[in-house]
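FYI, the numbering just counts along the sequence from 1.
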Amino acid sequence: MTQVKLKKGEGRTVNAGGLWIYDNEIDEILPEGGRMPEPGDPVRVLAFNEYPLGVGFYNPASKIRIRLLSRDADADITSRAFYAKRVHDAVEYRRHILEDLDSCRLIFGEADYLPGLTVDKFSDTLVLQSLWLGTDRYKEMIADLLKAELSALGIPIRGVYERSDAKVRLQEGLELRTGFIGEPFDTLVTIVENGVKYHVDVAEGQKTGFFLDQKFNRRAIRPMCRDAARVLDVFTHTGSFALNAAMAGARDVTAVDASAPAIEMARENAILNGVEDRMHFECGDAFAILEQKVAAGERYDVVILDPPAFTKSRASVKNATRGYREINLLGLQLVQDGGYFATCSCSHFMTPELLEAAIAQAARAAHKRLRQIEVRAQSPDHPVVWGMENSYYLKFYIFQVSEER
């Protein structure tokens, strides 16, 4: 096997628990038999002193030149047995930490030691997203292994759909791809989460079709919505927070999103749950809609903000911080005295310190005092692995809001 030796002083991320080797960390490549590694070949990584750090796949097209799959430098990362163990461990973890496996993330990339690979389960279907050359070659095997693992637990899977359409694949030298892995099936799926029913379109919905990472955060907003006269859910997507508010007993819920197809699906989900008479929907730019509501003097018992990632790189963090400050200022201005405010960020570049500072600045500008109720993260089927900073991305805050006195 080809060996890749790192420069002196490099490999700090790997030593801290990470799995990525960048192109500028590599000192030399020691080819096996004089042959340089091809894209997707397994390579053994050595520290500058030749101490083995692990084994991974090589991709000269990417700045992340190698992603480790094992710290065992002798592991056979091309074998079916290797992936069978990874799949078994991923499913067993979720079987023990979740109440059920009806809808959950089964594989969360680096956090399950399968870099670049995501697999979500929606009822009896799997949605697979592959963003890296290494595991891309093994995705069909992994899908088969997942089906077999679930079948052994009495959980049949009727089909697998691939949503490898994220543009980051282009940076890996891969084409975008969507379609069935195996036999075709109806891609409109109905799931149940926290007692709420949702239609999920695994072929056309955002990312893999539904945001599973907010599962327990959606449940967390229910107590404050029990007797709420008015609730506002901004960036509602297909209505998840709004539906939880209505199902909890809120008498009037407004859901806002810029996507007309998402709003239409949210309407269908409201009908599916029998709460359409208590829900209203507004389609348009969230900032503009909130500005109009502030100008009109509207007030809500509960305001929920679940924006998309305003930054996907360190270079845009400054602009993103302004965006988070502005959206939180607008949201806080709409919360009545003694009401509740839930807000979050799904960008790992927006650290808790930066987000908290933006929220605090917004509160001061809105002349509001915040009493923190909860700080939460993504649901545990999206585990955070220390040393891999990209695995911790979702920060979720719940406050009670009062006027400054």
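In F180, the CZ atom is crowded: over 12 heavy atoms of neighbouring residues, nucleotides or ligands sit closer than 6.0 Å. Heavy-atom contacts from other residues, nucleotides or ligands closer than 6.0 Å to CZ of R80 number more than 12. No more than 12 heavy-atom neighbours from other residues, nucleotides or ligands sit within 6.0 angstrom of NZ on K63. Residue-environment remark: CD (E140) stays at or below the threshold of 12 foreign heavy atoms within 6.0 Å.
Not one N or O on the side chain of N194 forms a donor-acceptor pair closer than 3.5 Å with the backbone of V196. In this structure, the side chain of R67 does not engage the main chain of I64 through any donor-acceptor pair within 3.5 Å. Using a distance-only test at 3.5 Å, with no hydrogens or angles considered, a donor-acceptor pair links the side chain of N59 to the main chain of A61. Judged purely by atom type and a 3.5 angstrom limit, S123 has no side-chain atom pairing as donor or acceptor with the backbone of I191. Judged by distance alone, the side chain of E25 and the main-chain N or O of Y22 form a donor-acceptor pair under 3.5 Å. No donor-acceptor pair under 3.5 Å is formed between the side chain of S151 and the backbone N or O of K147. Without hydrogens or angle criteria, T125 side chain to F122 main chain gives a donor-acceptor distance under 3.5 Å. A donor-acceptor distance shorter than 3.5 angstrom exists from the side chain of R278 to the backbone of A250, with no hydrogens or angles considered.
Remark: E276 does not engage R267 in a salt bridge, criterion side-chain N to carboxylate O under 4.0 Å. Using a 4.0 Å cut-off between charged side-chain N and carboxylate O, K121 and D102 make no salt bridge. Ion pairing between a basic and an acidic side chain is recognised when a charged N comes within 4.0 Å of a carboxylate O; E403 and K368 show such pairing. Look at D381 and K215 and you find no salt bridge, because none of the NZ, NE, NH1 or NH2 atoms lies under 4.0 Å from a carboxylate O. Between R169 and E175 no salt bridge is recorded (no basic side-chain N to carboxylate O distance below 4.0 Å). Look at E92 and R95 and you find a salt bridge, because one of the NZ, NE, NH1 or NH2 atoms lies within 4.0 Å of a carboxylate O, short of that distance. Between K293 and E282 there is a salt bridge, since at least one side-chain N of the basic residue sits less than 4.0 Å from a carboxylate O of the acidic one. Comment: K5 does not engage D27 in a salt bridge, judged by the lack of any side-chain N to carboxylate O separation of less than 4.0 angstrom.
Both cation-pi conditions hold for R230 and Y300: the charged atom is under 6.0 angstrom from the six-membered ring centre and inside a 45 degree cone around its axis. Judged by a 6.0 Å distance limit and a 45° cone about the ring axis, K395 is positioned over the six-membered ring of Y392.
Residues F57 and Y138 bring their aromatic ring centres within 6.0 Å. Taking the six-membered ring where the residue is Trp, the centroids of F241 and F396 are separated by under 6.0 Å.
Here the options are R94, R86, R105, the test is salt bridge (Lys or Arg N to Asp or Glu O under 4.0 Å), and the partner is D112; only R94 passes. For the pairing with H237, the ring pair (Phe, Tyr, Trp, His ring centres under 6.0 Å) check across Y198, F211, F281 returns one residue only, F211. Partner Y397 forms a side-chain hydrogen bond (donor to acceptor under 3.5 Å, both in side chains) with one of E356, Q372, R376 and no other, that one being E356.
In this structure, a donor-acceptor pair under 3.5 Å is absent between the side chains of D165 and T178. No hydrogens or angles considered: a donor-acceptor pair under 3.5 Å links the side chains of Y393 and D213. In this structure, a donor-acceptor pair under 3.5 Å is present between the side chains of R218 and S240.
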Could you give me the CA-CA distance, side-chain angles and deciding distance for Q400 and R371, then say whether side chain to side chain donor-acceptor pair (under 3.5 Å) is met?
-> CA-CA 5 Å; Q400 187 179 35; R371 180 155 66 171; 2.5 Å; yes

Output, in order, the C-alpha distance, side-chain angles, deciding distance and verdict of side chain to side chain donor-acceptor pair (under 3.5 Å) for R325 and Q361.
-> CA-CA 7 Å; R325 187 166 57 241; Q361 291 165 7; 2.9 Å; yes

Apply side chain to side chain donor-acceptor pair (under 3.5 Å) to E172 and S62, showing your working.
-> CA-CA 5 Å; E172 292 286 324; S62 174; 2.9 Å; yes

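To the nearest 0.5 Å, atom CG of residue L243 and atom CG of residue L272 are 9.0 Å apart. A distance of 6.5 Å separates OG in S103 from CG in L212, rounded to the nearest 0.5 Å. Rounding to the nearest 0.5 Å gives a distance of 7.5 Å between OG of S379 and CG of N217.
Between V231 and A245 the shortest heavy-atom distance is CG1-CB, 3.9 Å. Annotation for N269 and H199: closest pair OD1-N, 2.7 Å, computed over non-hydrogen atoms.
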